[in-house]
Amino acid sequence: MNSQIPMQQLGADWRTQLRDAQISVAELLAALDLAPGSVDVSAAAQEAFALRVPAAFIRRMRRGDPEDPLLLQVLPQRREMQQAPGYHRDPVGETGAANPRPGVVHKYHGRALLIVTGSCAVNCRYCFRRHFPYHDNRVGRAGWREALAHVRDDSSISEVILSGGDPLVAGSRQLHELVDEIAAIEHVRRLRVHSRLPVVLPDRVTRSLTGALTRPDLTTVMVLHANHAREIDADVTRAVAALREAGMQLLNQAVLLAGINDTLQAQVALSESLLSAGVLPYYLHLLDRVQGAAHFEVPEQEARALYRSMRASMPGYLLPRMVRETAGAEAKIGLDI
């Protein structure tokens, strides 16, 4: 077995792990003892949306299993290149009027989203922003004046959401400066951070990061993204503990994905693993119909039946809300089960 990829970064800092996350399909399959013919990979899919996955996440995948639920979330497959009716490049309506200034997405009343960076530590194949025009929203330090001016000029905005890409790809110093500016806006009371890094690259959670994201006058909420119980290991649990110790409220949002977490057993295990780590299940999203991800969709009738089984099997505090995001809607739409 070639264990070079999952072992080479042991002890490396998070920036090194992030840099080395860009790998080839051949390297990933070799690390997992998988023959090239055992999975339906596509060079065209990888070229369209690069394979990117940290070693820390690869180490949680089952070797020799081409159906591993963690592997399937990141593997470029031939099915991504098939055109599917009803699937779009902007499935939740984040361009046009919803993107009023570079780096700002403002769809819902009372909160505005800042695109901190277009980069991620992992490229999830179902990502609803895989076609987002990051080139038109690349602002950096100098461009924050205009983005934050939008927040200052709208006193109805009480919550600022840091997103991306993944906002935690940005350095702690840059985040510290940005949060300082947000905290200085009188009508902003909450900072929400959406990130997958504490799950896929837990070494990113450092003391400098927690200091960058917390302020006495702001309530900081971090929304993590884990889809399967096996994503929550001891390193993730330690990272979550550090975030909680810093005073952050921790939630999780997951996406319902065919062949990955579309069973009662998988959903119960995910909720229980999250709660054991100190994270409250928040949202279970129906798939956003982004071009290239149709093979992940669970039909709504099946999703509703699964949710009814979840409701009958778990206490209410373990039950995430099943929602759909629709372009032009005033908020996420909860399914009336």
* Between R59 and D233, is the closest basic N to carboxylate O distance under 4.0 Å? -> no

* To do: Would you name the heavy atoms of R130 and G292 that are closest together and state the gap between them?
  => NH1-O, 3.7 Å

* Residue pairs involving residues 210-261 (criterion ring pair (Phe, Tyr, Trp, His ring centres under 6.0 Å); sequence neighbours excluded) -> Y126-H225

* Asked: Between the side chains of H285 and E325, does any donor sit under 3.5 Å from an acceptor?
  -> no

* Would you say H187 has more than 12 foreign heavy atoms packed within less than 6.0 Å of its NE2? -> yes

* Lys/Arg N to Asp/Glu carboxylate O, E177 vs R173, below 4.0 Å -> no

* Between E297, Q82, Q291, which is the residue that forms a side-chain hydrogen bond (donor to acceptor under 3.5 Å, both in side chains) with Y87? -> E297

* To do: Supply the atom-to-atom distance F57 CZ to L197 CG, rounded to the nearest 0.5 angstrom.
  => 11.5 Å

* Asked: When rounded to the nearest 0.5 angstrom, what is the spacing between CD1 in I232 and CG in N252?
  -> 6.5 Å

* Counting only heavy atoms not in R192, do more than 12 fall under 6.0 Å of its CZ? -> yes

* Asked: Charged N to carboxylate O under 4.0 angstrom, R101 versus D153?
  -> yes

* Just by distance, with hydrogens left out, do S195 and R204 show a side-chain donor and acceptor under 3.5 Å apart? -> no

* For residues D262 and E302, determine if any side-chain heavy atom of one lies less than 4.5 Å from a side-chain heavy atom of the other. => no

* Asked: With a 4.0 Å cut-off, would you call D33 and R63 a salt bridge?
  -> no

* Side-chain heavy-atom pair M222, V205 within 4.5 angstrom cut-off -> no

* Asked: Picking from E181, E186, E146, what satisfies salt bridge (Lys or Arg N to Asp or Glu O under 4.0 Å) with R152?
  -> E181

